[in-house]
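Here is the structure we will look at.
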Amino acid sequence: MRLILLAFIYVFATYSSYGQEKTLTFSEAIKNNIKKYNTQSDKEFEKGDLEKGNALFDSLVQNHLVGSRFDDYSFKSVNSRKVKLSKIKKPVFIITYASWCVINKGEIPALNKLARKYSDDIQFIVVFWDVKSDAKKSARQFNNQIKVCYANESYKNDQSVIATLKHSLGFPTSYFLNADLEVVDIKRGGVPIPPKTSFKKAFDMNFAVFNDRMVSFLNKKDNEVGQLASTTE
């Protein structure tokens, strides 16, 4: 009887291990899919087909990156404190910049307003691909609800985040992560602002687009909670 019981436990454990799929980390998902995406998108952009090139990016995100677990990066903050993602305990919005690239007119004030509006629900993080001194100058434009961080090739501990985020998907890129650090969505590029647009109009355009993204982000998060509750009832 004991041998039968042990055999049953072994078979059950083996079956369970096969039934449970390991959640890919974001860096693994990038490594597995970025080469094929780059080959296809380069061809489309060379042909001038921006629409198809952008569609390929959306396909990469939705089919391969959404649902992966974002790596638990520990970003360096300009105020000398580390920002470790797993310690935040709420959904996270990350947007990447570089001080030597011009940021859209009205975008930073729009992000400041959004950070105030959603401060209870979302942690806003800005990452500059810069050395600390340059990132610190840029940080003055952001309010206290936004954690401003930096990473650069010259810092030996930044190689992983540089390779995965900066060199793979470029910038500016926005990452939407739920409280478990699962990727909910990724958007690349800023809001298209026509030349000679007034500051107020540019601000309104940026705020409207990013606000829509935040609402969609929070709705997806709430749907996940609802689905989880229904499975436990």
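Quantities reported herein were computed from a predicted structural model and do not represent experimental measurements.
- Using a 30° and 60° split on the angle between ring planes, Phe70 and Tyr73 fall in the perpendicular class, above 60°.
- A donor-acceptor contact shorter than 3.5 Å is absent between the side chain of Asn152 and the backbone of Tyr155.
- Side-chain heavy atoms closer than 4.5 Å link hydrophobic residues (I, L, V, M, F, W, Y) into clusters, and following such links, even through other members, never connects Val61 to Ile95.
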For residues 185-195, dump all side-chain donor-acceptor pairs below 3.5 Å to protein atoms at least two apart in sequence or in another chain.
from   : atom 1 : to    : atom 2 : distance (Å)
Asp185 : OD1    : Gln62 : NE2    : 3.3
Arg188 : NH1    : Tyr37 : OH     : 3.4
Arg188 : NH2    : Tyr37 : OH     : 3.0

Which is it for Val126 and Lys147 under the side chain to side chain contact (heavy atoms under 4.5 Å, CB included) test, yes or no, and what are the steps along the way?
CA-CA 6 Å; Val126 168; Lys147 295 183 183 294; over 6 Å; no
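- Nearest heavy atom pair, residue Gly67 against residue Thr23, reads O-CG2, 3.8 Å.
- Taking CD1 of Ile34 as the reference point, atom CG of Leu169 lies at 5.0 Å (rounded to 0.5 Å).
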Audit row: Asp180, Arg69, salt bridge (Lys or Arg N to Asp or Glu O under 4.0 Å) steps and yes/no:
CA-CA 8 Å; Asp180 295 319; Arg69 182 176 173 81; 5.6 Å; no
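- Residue pairs meeting the ring pair (Phe, Tyr, Trp, His ring centres under 6.0 Å) criterion with at least one partner in residues 81-121, sequence neighbours excluded, are Phe93-Phe124, Phe93-Phe176, Tyr97-Phe128, Trp100-Phe171.
- A distance-only check finds a donor-acceptor pair linking the side chain of Asn54 to the backbone of Leu50 [under 3.5 Å].
- Linking Ile, Leu, Val, Met, Phe, Trp and Tyr residues whenever their side-chain heavy atoms come within less than 4.5 Å leaves Val66 and Val184 in two separate clusters.
- Using modelled atom types, one side-chain atom of Asp71 and one backbone atom of Ser27 make a donor-acceptor pair closer than 3.5 Å.
- Between the side chains of Asp134 and Ser99, no donor-acceptor pair of N or O atoms lies under 3.5 Å.
- Ile162 has its side chain within reach of His167: a pair of non-hydrogen atoms, C-beta onward, lies under 4.5 Å apart.
- Residues Tyr175 and Ile88 share a single hydrophobic cluster, defined by chaining ILVMFWY side chains whose heavy atoms lie under 4.5 Å apart.
- In plain terms, the two heavy atoms of Tyr150 and Ser77 that are nearest each other are CE2-O, 3.6 Å.
- In Asn144, the CG atom is not crowded: 12 or fewer heavy atoms of neighbouring residues, nucleotides or ligands sit closer than 6.0 Å.
- Taking CG of Asn211 as the start and CG of Asp204 as the end, the distance is 11.5 Å to the nearest 0.5 Å.
- Here the NZ-NE2 distance, from Lys36 to His64, works out to 6.5 Å after rounding to the nearest 0.5 Å.
- Residue-environment remark: NZ (Lys137) stays at or below the threshold of 12 foreign heavy atoms within 6.0 Å.
- Side-chain contact between Phe203 and Ser198 is absent, with no heavy-atom pair separated by less than 4.5 Å.
- For the residue pair Ala135 and Asp130, the shortest heavy atom distance occurs at N-CB, 4.1 Å.
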Just do the side chain to side chain contact (heavy atoms under 4.5 Å, CB included) check on Ser74 and Lys82 with the steps written out, would you?
CA-CA 6 Å; Ser74 185; Lys82 291 290 181 74; 3.8 Å; yes
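- At least one donor-acceptor pair under 3.5 Å links the side chain of Asn206 to the backbone N or O of Lys105.
- Ile122 and Val183 end up in different hydrophobic clusters when Ile, Leu, Val, Met, Phe, Trp and Tyr side chains are linked at under 4.5 Å.
- Closest of all the heavy-atom pairs between Leu65 and Ala29 is CD2-CB, 3.8 Å.
- Residues meeting the salt bridge (Lys or Arg N to Asp or Glu O under 4.0 Å) test with Lys76, sequence neighbours left out: Asp158.
- There is no side-chain donor-acceptor pair under 3.5 Å between Ser41 and Glu44.
- A donor-acceptor pair under 3.5 Å links the side-chain atoms of Thr173 to the main chain of Gly170, judged by distance alone.
- Distance NZ/Lys117 to CG/Asp121: 10.5 Å, rounded to 0.5 Å.
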Just do the side chain to side chain contact (heavy atoms under 4.5 Å, CB included) check on Lys84 and Lys87 with the steps written out, would you?
CA-CA 6 Å; Lys84 191 168 181 62; Lys87 292 186 177 181; 4.3 Å; yes
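- In this structure, the separation between CD1 on Ile94 and CG on Leu177 is 5.0 Å, given to the nearest 0.5 Å.
- Summarising the local packing, NZ of Lys132 is surrounded by more than 12 heavy atoms from other residues, nucleotides or ligands at distances under 6.0 Å.
- No donor-acceptor pair closer than 3.5 Å links the side chain of Lys35 to the backbone N or O of Asn32.
- A donor-acceptor pair shorter than 3.5 Å cannot be found between the side chains of Asn178 and Lys90.
- Summarising the geometry of Ala139 relative to Val148, their closest heavy-atom pair is CB-CG1, 3.6 Å, with the distance given to 0.1 Å.
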Could you walk me through whether Met205 and Val209 pass the side chain to side chain contact (heavy atoms under 4.5 Å, CB included) check?
CA-CA 6 Å; Met205 291 171 68; Val209 170; 5.8 Å; no
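- The CG atom of Asn143 sits 10.0 Å away from atom CG of Leu114, with the distance rounded to the nearest 0.5 Å.
- Following chains of ILVMFWY side-chain contacts shorter than 4.5 Å, one can reach Ile125 starting from Leu165, so the two form part of one hydrophobic cluster.
- Side-chain atoms of Ser174 and Phe210, non-hydrogen and from C-beta on, do get closer than 4.5 Å to each other.
- Residues Ala115 and Ile146 share a closest heavy-atom pair of CB-CG1, 3.5 Å.
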